[in-house]
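Below: one structure, written as structure tokens.
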Amino acid sequence: MTLQITPAELEIMKVLWKRPGIGASEIVDALDGEQDWSPRTVKTLLSRLVEKGALDTVADGRRYLYRPLIAKRDYQKKEAGQLIDKLFGGRAAPLVAQLADARGLSNDDIEELLALLGRLKQ
């Protein structure tokens, strides 16, 4: 997957991952308070995402409803892989160490990592 999504486009995708099949006006409402974007800006971002193949549209009368064509989990996996490749030479351990140093790990984080490592080791 070579699809590049800008930070602004990602905000649109986040809304649609939570509520697929909504129109531009509902997306504007969902972003209210988070982004100060006009409806025109949202429609421009939606058009770009459709052109990139990230969204599908369905006509609903005089408006369009938008659905993601990329699963959130697939996008996260791709972006995480690119980050690890770019900053850590493809190695995950230095990423986890950096996160621990920079942000700290809660006991829950540590338990999740230990469980993941146990599954991976099997």
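Along the sequence shown, residues carry numbers from 1.
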>> Under the criterion side-chain contact (heavy atoms from CB on, under 4.5 Å), I'd like the reasoning laid out for Leu16 against Ile22: C-alpha separation, chi angles, the key distance, then a yes or no.
In response: CA-CA 7 Å; Leu16 288 168; Ile22 61 174; 3.7 Å; yes
> When you look at Glu34 and Lys14, which way does the salt bridge (charged side-chain N to carboxylate O under 4.0 Å, His left out) test go after all the steps?
Replying inline: CA-CA 12 Å; Glu34 293 179 35; Lys14 287 177 184 177; over 6 Å; no
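Counting only distance, with no hydrogens or angles, the side chain of Asp109 and the backbone of Ser106 share a donor-acceptor pair below 3.5 Å. Of the possible polar contacts, one joining the Glu26 side chain to the Gly23 backbone as a donor-acceptor pair under 3.5 Å is found.
The distance from atom CD of Gln122 to atom CG of Leu117, rounded to the nearest 0.5 Å, is 11.5 Å. To the nearest 0.5 Å, atom CG of residue Leu49 and atom OG1 of residue Thr57 are 12.0 Å apart. Between atom CG of residue Asp36 and atom OG1 of residue Thr41 there is a gap of 9.0 Å, rounded to the nearest 0.5 Å. Between atom CZ of residue Arg63 and atom OG of residue Ser25 there is a gap of 5.5 Å, rounded to the nearest 0.5 Å. With rounding to the nearest 0.5 angstrom, the CD1 atom of Ile70 is 4.5 Å from the CD1 atom of Ile5. The CD atom of Glu79 sits 9.0 Å away from atom CG of Leu3, with the distance rounded to the nearest 0.5 Å.
Across Gly53 and Leu69, no two heavy atoms sit closer than the pair O-CD1, 3.5 Å. The minimum heavy-atom distance linking Ala24 with Leu46 is given by the pair CB-CD1, 3.8 Å. Contact record, Phe88 with Pro94: CD2-CB, 3.6 Å, taken as the closest heavy-atom pair. Counting all heavy atoms, side chain and backbone alike, Leu55 lies closest to Pro68 at CD2-CA, 3.7 Å.
In this structure, Leu120 belongs to a hydrophobic cluster whose other members, linked by side-chain heavy atoms under 4.5 Å apart, are Leu116.
Checked against side-chain contact (heavy atoms from CB on, under 4.5 Å), Val96 has the following partners two or more places apart in sequence or in another chain: Leu113.
Val58 places none of its side-chain heavy atoms less than 4.5 Å from the side chain of Tyr64. Within the 4.5 Å cutoff, the side chain of Trp17 has no heavy atoms near those of the Ile12 side chain.
With salt bridges taken as basic N to acidic carboxylate O contacts below 4.0 Å, none links Asp74 and Lys77.
There is no path of hydrophobic side-chain contacts, each under 4.5 Å, that joins Leu65 to Leu31.
Residue pairs meeting the salt bridge (Lys or Arg N to Asp or Glu O under 4.0 Å) criterion with at least one partner in residues 49-58, sequence neighbours excluded, are Glu9-Lys52, Asp56-Arg67.
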